[in-house]
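Each residue takes its place number in the sequence, starting with 1. Because the structure is a prediction, the values reported are computed rather than measured.
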Amino acid sequence: MTALHPKIFSGPINFLKSAPQLQFLPDPSVPEIAFAGRSNVGKSSLINALTGRNSLARTSNTPGRTQELNFFDIGDPLIFRICDMPGYGFAKAPPKVVQKWRYLINDYLRGRQVLKRTFVLIDSRHGIKNTDEDVLTMLDKAAVSYRIVMTKADKVKATELEATKEKVLAAAKKHPAAHPELIITSSEKKQGIDALRMAVLEAVQI
């Protein structure tokens, strides 16, 4: 594959489909990059910032709104896909719904041959919580390469951000499938978006 350029994100990007179950996944014909994170971590806003769109991924103040795997085609002709995964760790959904979503995430991560890397989003205000640890461990067991992205960096003081960053880095070192470097972002301030774009393109070409 020829080296990809960040200008790809200025080109055609389209919503492809939502997959509530594995049988609805798109054909595994191109590399895929997945985004995972707790509900309300800012995942949709980050995907919109990454792609330079205002409303490609739906944003909502209601945790748990994204209930399916949402796929976006990048490039024309198609170069790769982004998978926006259901948020996890929300408290208001019924246990059966939570379990269903967890199975969907788990099965997708374990069985998707074209999945190149998962970006796990961690809220800079809270750091890694138990639900995040569960997902990181799940990714380790599935041998899925992942990289941690800290979101909403503009919402905390610089000293607090640095302290949380050190804690997250220390936690990441305990996970064999985790990339050793973090990406610090703010969708609102566009902080770290260029670094995230480069990391996505690097992963696509693995």
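- Checking side-chain atoms of Ser18 against main-chain N and O of Glu68 turns up no donor-acceptor pair under 3.5 Å.
- For Asp134, there are no side chain to side chain donor-acceptor pair (under 3.5 Å) partners at least two apart in sequence or on another chain.
- In this structure, the side-chain contact (heavy atoms from CB on, under 4.5 Å) partners of Ala153, at least two apart in sequence or on a different chain, are Ser124, Leu161, Ile184, Gln191.
- A salt bridge is defined here as a Lys NZ or Arg NE, NH1 or NH2 lying under 4.0 Å from an Asp or Glu carboxylate O, and Arg38 with Asp123 fails to meet this definition.
- Nearest heavy atom pair, residue Asn48 against residue Asn54, reads ND2-O, 3.4 Å.
- Here the CZ atom belonging to Phe119 is positioned 8.5 Å from the NE2 atom belonging to His179, to the nearest 0.5 angstrom.
- Residues meeting the ring pair (Phe, Tyr, Trp, His ring centres under 6.0 Å) test with Tyr103, sequence neighbours left out: none.
- Within the structure, the side chain to side chain donor-acceptor pair (under 3.5 Å) test picks out no pair touching residues 4-13 (sequence neighbours left out).
- Contact of the Asp73 side chain with the Ile82 side chain is not registered, since no non-hydrogen atoms from C-beta on lie closer than 4.5 Å.
- Counting Ile, Leu, Val, Met, Phe, Trp and Tyr side chains that sit under 4.5 Å apart, directly or through other members, Phe24 stands alone, with no cluster partners.
- Salt bridge absent: Lys116 and Glu32 never bring a charged side-chain N and a carboxylate O closer than 4.0 Å.
- Residue pairs satisfying the salt bridge (charged side-chain N to carboxylate O under 4.0 Å, His left out) criterion with at least one member in residues 154-179, sequence neighbours excluded, are listed as follows: Lys155-Glu188.
- Shown are Phe80, Phe15, Phe35; of these, the ring pair (Phe, Tyr, Trp, His ring centres under 6.0 Å) with Phe72 is made only by Phe15.
- With rounding to the nearest 0.5 angstrom, the CG atom of Leu115 is 13.5 Å from the OH atom of Tyr146.
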| task | May I have the step-by-step check of side chain to side chain contact (heavy atoms under 4.5 Å, CB included) for Val149 and Ile122, ending in yes or no? | result | CA-CA 6 Å; Val149 178; Ile122 301 294; over 6 Å; no
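- By the 4.0 Å N-to-carboxylate-O rule, Lys129 lies too far from Asp132 to be salt-bridged with it.
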